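What follows is a single structure, written as structure tokens, with notes after it.
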Amino acid sequence: MKRNWKIMYTKYQGLEKKAIELVGAEVGKTILRDKGVYTLHTLAVEKINDNFDKNTIIIGIYDDNPYIQKYVEKKEIPENGYCVRVIPNPENSKLKIALITANDPVNVFYGAVDFSDNYLPSAAPVAGGIRTPYETFNSILPDYFNSSAPKSKTRSIFTWGHPINNYRKYIDNIARLKINQLIVWNDFLPINANDIVAYAHEYEIEIIWGFAWGWTTNCNDTSIINNLDSIKEDILYKFKEIYNGAGDGIYFQSFTETNEDRLGGKLIAEAVTDFVNDVSIEIFKINPDIRIQFGLHACSVKDHIDYISKVNENVDIIWEDCGSFPYNYMPVVCTEQEYDETLDFTKKIINLRTKGSTGLVYKGMMTMDWTKFVHQSGPYIMGMASQELIDNDIAMLRPIWKYFQTEWMSAGRQAWDFTRKICSWSNGNINLCIAGALDGAIWFPEALCAEIMWNSDEPYEKIVDRVGKKPCVKMV
């Protein structure tokens with residue numbers, strides 16, 4: 001029974017290929033080896049055919065596969081979503097057919113994630129009060145049906161380039177979290193930027209490269225606001241010579257990361273709006289199709305957002321520091337008053353501009369230790385570190401993640417409730433962004449946050465239960 005499985009596919013290319021490989025790896029880790037016995041088995045992976053002599057997992061785009069069409073109705077696949085169904089084989093009730101499908105390749109992959117990370121853990125048998133995942137395939141698997149689609153169209157991660165030690169594994173992991181945009185902040189563009197972009201595009205993940213537009217670790221430095229012309233020249237030079245064509249867009253922060261609303265006697269909200277519009281107009285002349293994201297810290301402009309409403313409608317505004325959790329660095333349950341004030345301000349942000357994309361940055365994840373922060377020394381190779389360095393960083397991070405994990409277990413409900421309201425107000429037309437240094441594993445807090453961002457309409461308890469059981473999620 002255990003090895004009486006095979007995969008059938010429509011196309012072995014692109015994201016359908018990655019879906020097949022993911023399912024093959026997750027099924028294979030249970031059925032292809034016997035503990036303590038030197039046996040080396042393989043899992044059959046076949047082009048779709050009429051031979052259903054084994055339990056069969058069928059993976060492919062709906063319109064391309066008549067066998068999927070036989071057991072799944074097209075209306076069961078939600079818009080921009082996927083469908084997973086596990087049923088008895090009508091020709092042999094002792095065998096199962098699992099169907100993973102969608103109307104496009106990226107959602108076929110997300111369906112494979114659902115099958116691997118949600119269905120298989122739930123299918124593990126319970127005996128004597130113990131759930132035993134290594135015995136999952138020893139008996140007939142249970143039936144299953146799930147169709148799902150995201151409540152927000154863009155789900156992103158902001159990170160610094162410093163902690164990304166293995167860019168391929170990092171991108172694999174965020175794809176598994178159904179993230180479709182990666183914003184990477186560096187002092188210098190990595191020299192392997194093209195390789196990173198190409199790998200992300202295999203998952204249909206956008207890569208946005210971040211660099212400073214007058215941002216420093218001290219945004220109270222008045223020399224910034226008094227030298228905007230020279231800063232503009234430097235930005236345009238860097239864009240022309242380095243960033244234009246390097247990815248899908250650019251992200252920047254400017255001089256808004258301060259609790260003061262004025263700098264050098266000038267109103268920050270007004271000055272930064274004029275500055276951003278002035279520079280972005282010149283960049284759009286060079287590349288009219290470039291995506292520009294303005295990382296804006298609300299702490300300095302919150303009382304003057306009428307100026308921010310005038311930011312160029314072709315510039316996305318990615319809001320940070322908009323109040324209490326989930327915006328602050330520590331995932332601490334806030335008071336009812338703090339929560340209501342944060343929610344009210346967020347609603348104003350969402351409705352601030354009739355045109356132009358809006359993003360909201362959730363924090364409460366691993367960040368940089370700003371007391372020991374070191375700027376990058378020059379262009380470098382990102383995400384190609386030795387295994388020894390990777391092991392060192394995971395060991396260093398594990399006890400810190402323990403605190404974040406515990407805090408998210410109590411504060412996550414507020415993030416869930418917050419997200420439900422945001423998705424409803426924005427009709428999903430918003431960029432929900434996780435900020436944090438997420439390298440080394442898929443840690444529980446980021447997995448929980450990503451799942452909330454995918455579909456916060458589900459009950460919170462169900463989301464937490466499912467995330468905690470995912471084999472790919474690291475619990476400390």
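Basis for what follows: all heavy atoms, side chains included, without hydrogens, waters or symmetry-related copies. Nothing here was measured: the structure is a model prediction, and the numbers come from that model. This chain uses plain numbering: 1 for the first residue, then up along the sequence.
- For Tyr82 and Phe115, the gap between ring centers reaches or exceeds 6.0 Å.
- Among all heavy-atom pairs drawn from Pro90 and Ile97, the shortest one is CD-CD1, 4.1 Å.
- Listed by first then second residue, pairs satisfying salt bridge (charged side-chain N to carboxylate O under 4.0 Å, His left out) with a partner in residues 111-138 read Asp117-Arg176, not counting sequence neighbours.
- Taking 4.5 Å as the limit, some side-chain heavy atom of Thr136 sits within range of a side-chain heavy atom of Pro125.
- Listed by first and then second residue, the salt bridge (charged side-chain N to carboxylate O under 4.0 Å, His left out) pairs involving residues 28-39 are Lys2-Asp34, Arg3-Asp34, Glu26-Lys29 (not counting sequence neighbours).
- Within a 6.0 Å radius of CD1 in Ile381, no more than 12 heavy atoms belonging to other residues, nucleotides or ligands are found.
- Aromatic ring centres of Phe325 and Trp408 lie closer together than 6.0 Å.
- The ring of Trp443 has its center no closer than 6.0 angstrom to the ring center of Phe404.
- In this structure, CG in Asp340 is found 5.5 Å from CD in Glu336, a value given to the nearest 0.5 Å.
- For the pair Gln181 and Asp248, the minimum side-chain heavy-atom distance is 4.5 Å or more.
- Sequence neighbours left out, the pairs with a member in residues 55-75 that pass salt bridge (charged side-chain N to carboxylate O under 4.0 Å, His left out) are Lys11-Asp64, Asp63-Lys74, Glu73-Lys75.
- Ion pairing between Asp321 and Lys363 holds under the 4.0 Å rule for side-chain N and carboxylate O.
- Between Lys421 and Asp417, at least one side-chain N (NZ, or NE/NH1/NH2) sits under 4.0 Å from a carboxylate O, which counts as a salt bridge.
- Atom CG of Leu15 sits about 10.5 Å away from atom CD of Glu21, to the nearest 0.5 Å.
- Between Glu461 and Arg413 there is a salt bridge, since a side-chain N of the basic residue sits under 4.0 Å from a carboxylate O of the acidic one.
- Under the 6.0 Å cut-off for aromatic ring centres, Phe252 and Phe211 do not qualify, their centroids lying 6.0 Å or more apart.
- The main-chain N or O of Ile390 is never found under 3.5 Å from a side-chain atom of Asn165 such that the two would form a donor-acceptor pair.
- Under a 3.5 Å cut-off, the side chain of Lys54 and the backbone N or O of Lys6 do not form any donor-acceptor pair.
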